[in-house]
Amino acid sequence: MSRTLPFAFPPFLARWRRPANPAATTTATPPALAVWGLALWLASVGNLPLWQRIHALGGSPMQRLVLIAGLGGLLTGALGALLSLLVWPRVFHVAASALLLMAAFNTHFMWQYGVVIDPTMLANVLHTDVNEVRDLMSGALLGTMLLVAGLPLWWLWRRPLALRRTGPQVARNALGVLAGVLLLVLATLAGYQGLASLMRNHKDLRYMANPLNTVYAGVRVVVDQLPRQVQPLKPVGEDATLGATYAQQGRPPLLVLVIGETARAENFGLDGYARNTTPLLARWQARGDLVNFSEVRSCGTNTLVSLPCIFSPLTRTQGGDKTPDHQNLLDVLQRAGLAVLWIDNQAGCKGVCERVPHVYASEQPVPGLCQGGECFDAAMLHGLDERINALDPVRRARGVVLVLHQMGSHGPAYAHRAPAGLKPFLPECTSITLSDCPHEQLVNAYDNSIAYTDHFLDQTLQWLQARAQRGSDDTGLIYVSDHGESLGESGLYLHGVPYALAPEQQTHVPMVAWLSPGLQQRSGVSMACLREHADAPLSHDHIFHTVLGLMDVQTRAHQLALDALLPCSAAAQAHATEPAPAGAARKG
Ligand SMILES: [Zn+2]
């Protein structure tokens with residue numbers, strides 16, 4: 001840039017500048033050039049991860065060339081048709097910029113974390129909060145945004161489009177759409193054989209086509225969620241009442257349901273991980289009142305799917321993994337007359353706690369545990385007795401179900417999940433660009449977050465045990481993680497892979513249950529029996545029914561076959577000398 005230049009408008013603002021000399025007005029870009037130039041750019045540079053992936057699949061250079069040419073033609077045609085639809089005053093520049101930014105954003109996350117963009121992933125992104133976004137911001141993101149979107153954005157905004165009056169413009173746009181569709185059809189026909197087998201064998205590729213994946217996901221999210229949001233939720237367990245154990249009870253039951261975040265079974269000490277990430281839980285297990293369930297599958301691979309599904313009366317295959325159209329477990333517990341409280345240390349309860357009392361840990365920051373709007377999980381235990389005392393006294397006298405929604409092992413900033421003094425595995429990865437860290441440091445950071453969950457659960461159990469020993473309640477705890485995490489296996493990081501394609505690490509989750517002697521007696525559940533059957537297959541499908549059973553809530557919504565504790569309860573044992581394994585109760 002020349003030093004002698006006087007003040008000048010940045011080029012991208014030039015179209016709003018009043019020209020000093022009307023004859024010097026900047027020439028306008030022909031719409032066809034803008035449409036096809038951007039379509040080509042998006043199909044090529046905007047899809048670098050896709051082309052790298054296809055290159056890595058192997059095959060002869062000729063085969064790869066034919067595939068890339070076919071898929072490239074298909075994408076250019078589809079993008080050209082889409083962009084042609086958008087050639088309108090005040091629309092094109094904004095919409096085309098949004099597509100460029102989406103492609104750049106997706107490219108970054110595909111490169112960094114191996115994620116693909118499908119409707120559940122997008123819906124999850126739309127539910128993300130500021131802290132989660134801050135965790136993902138990095139210099140690498142800015143670099144990729146500049147690489148993929150910088151040049152075309154500059155080119156696009158430096159000139160207006162040479163638009164015509166409405167009539168001729170409609171005709172021209174229609175012609176553009178037609179040309180795009182024609183190109184798409186020709187490219188598909190020409191490369192059909194290779195493309196068809198590619199899509200059959202590598203289903204994830206269809207979620208890699210930028211930015212069409214985001215446009216498709218956006219349309220699906222709107223189509224799926226809008227009709228459900230205008231309809232009231234279907235009631236569940238309208239007949240719910242408290243069972244016989246509540247008649248003249250000495251102490252009310254208090255159940256803590258801890259919903260973990262991003263903890264995978266593979267790195268959970270109790271599940272046989274070579275490294276002891278859960279030494280404190282192991283002590284509780286050795287004392288005999290805690291059982292570890294080793295074969296538990298999550299309902300989804302992200303919070304937005306799993307969280308409502310855990311509380312849903314529907315199994316995953318019945319639609320528990322879809323946007324809820326039913327009330328949930330908390331509604332039923334509350335309707336039966338119990339006190340319910342949800343404490344959140346994350347980006348909210350995804351609608352699950354809307355109709356019950358709920359609080360955010362960050363609303364009352366605990367010194368030493370909270371900073372900058374974010375808290376360590378132990379902050380949820382601060383002042384818990386007071387929180388419980390503040391619940392409706394009539395309900396509280398019957399019994400309490402308390403949900404603690406953890407921050408857990410939320411990535412990629414695993415190093416933020418545990419305070420400095422509670423990190424047994426060092427050195428740890430402190431970068432959020434996970435592929436930059438040596439693998440063992442990444443695993444250290446993740447394992448530290450699991451060890452902190454061990455610490456947090458230990459503190460919760462100590463609190464529950466103290467209350468039980470004081471004689472104030474019959475206490476119990478169920479912990480289950482919402483989904484797992486990939487730590488670089490097959491080039492994947494984080495989670496959110498479409499369920500059918502998801503690796504074991506994202507769906508195999510830890511789960512434990514602890515019952516005080518009082519609650520064991522009250523519910524008739526035998527810990528010895530549970531221990532014996534702790535390796536039977538279970539899933540999030542079981543939580544709804546298991547909690548209803550443990551809390552002795554009587555309703556037709558309680559499906560005995562999905563109650564994981566029922567086969568080990570006194571009632572079941574009285575009916576059979578050989579108790580059925582917990583997992584034999586699984587419903588298909
Ligand atoms: Zn989650």
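Numbering of ligands and ligand atoms starts at 1, following listing order. All values reported here derive from a predicted model rather than from experimental measurement.
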Review point. What residue among Tyr414, Tyr446, Tyr493 forms side chain to side chain donor-acceptor pair (under 3.5 Å) with Glu485?
Key: Tyr414
Exercise for review: Begin from the C-alpha positions of Tyr452 and His455 and carry the test ring-ring contact (aromatic ring centres under 6.0 Å, His included) through to its verdict.
Suggested key: CA-CA 5 Å; Tyr452 183 71; His455 164 83; 5.4 Å; yes
Check your understanding: Looking at residues at least two apart in the chain, or sitting in another chain, which of them share a side chain to side chain contact (heavy atoms under 4.5 Å, CB included) with Pro308?
Key ->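 Side chain to side chain contact (heavy atoms under 4.5 Å, CB included) list for Pro308, sorted by chain: Pro324, Lys350, Val352.
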**Study point:** Exercise: do Gln462 and Asp458 side chains pair donor with acceptor under 3.5 Å
**Key:**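 Per modelled atom types, Gln462 and Asp458 side chains form a pair under 3.5 Å.
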Check your understanding: If you measure only the distance, is there a donor-acceptor pair under 3.5 Å linking the side chains of Ser486 and Gln505?
Key ->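 No, no side-chain donor-acceptor contact under 3.5 Å.
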**Study point:** Shell of protein N/O/S atoms around the Zn ion (ligand 1), taken as anything under 2.8 Å
**Key:**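 Within the sphere that stays under 2.8 Å of the Zn ion (ligand 1), the protein atoms of type N, O or S are Glu261 OE1, Glu261 OE2, Thr303 OG1, Asp482 OD2, His483 NE2.
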Point to revise | Charged tip of Arg316 within 45° of Tyr499 ring normal and under 6.0 Å | key: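 Arg316 over Tyr499 ring: yes.
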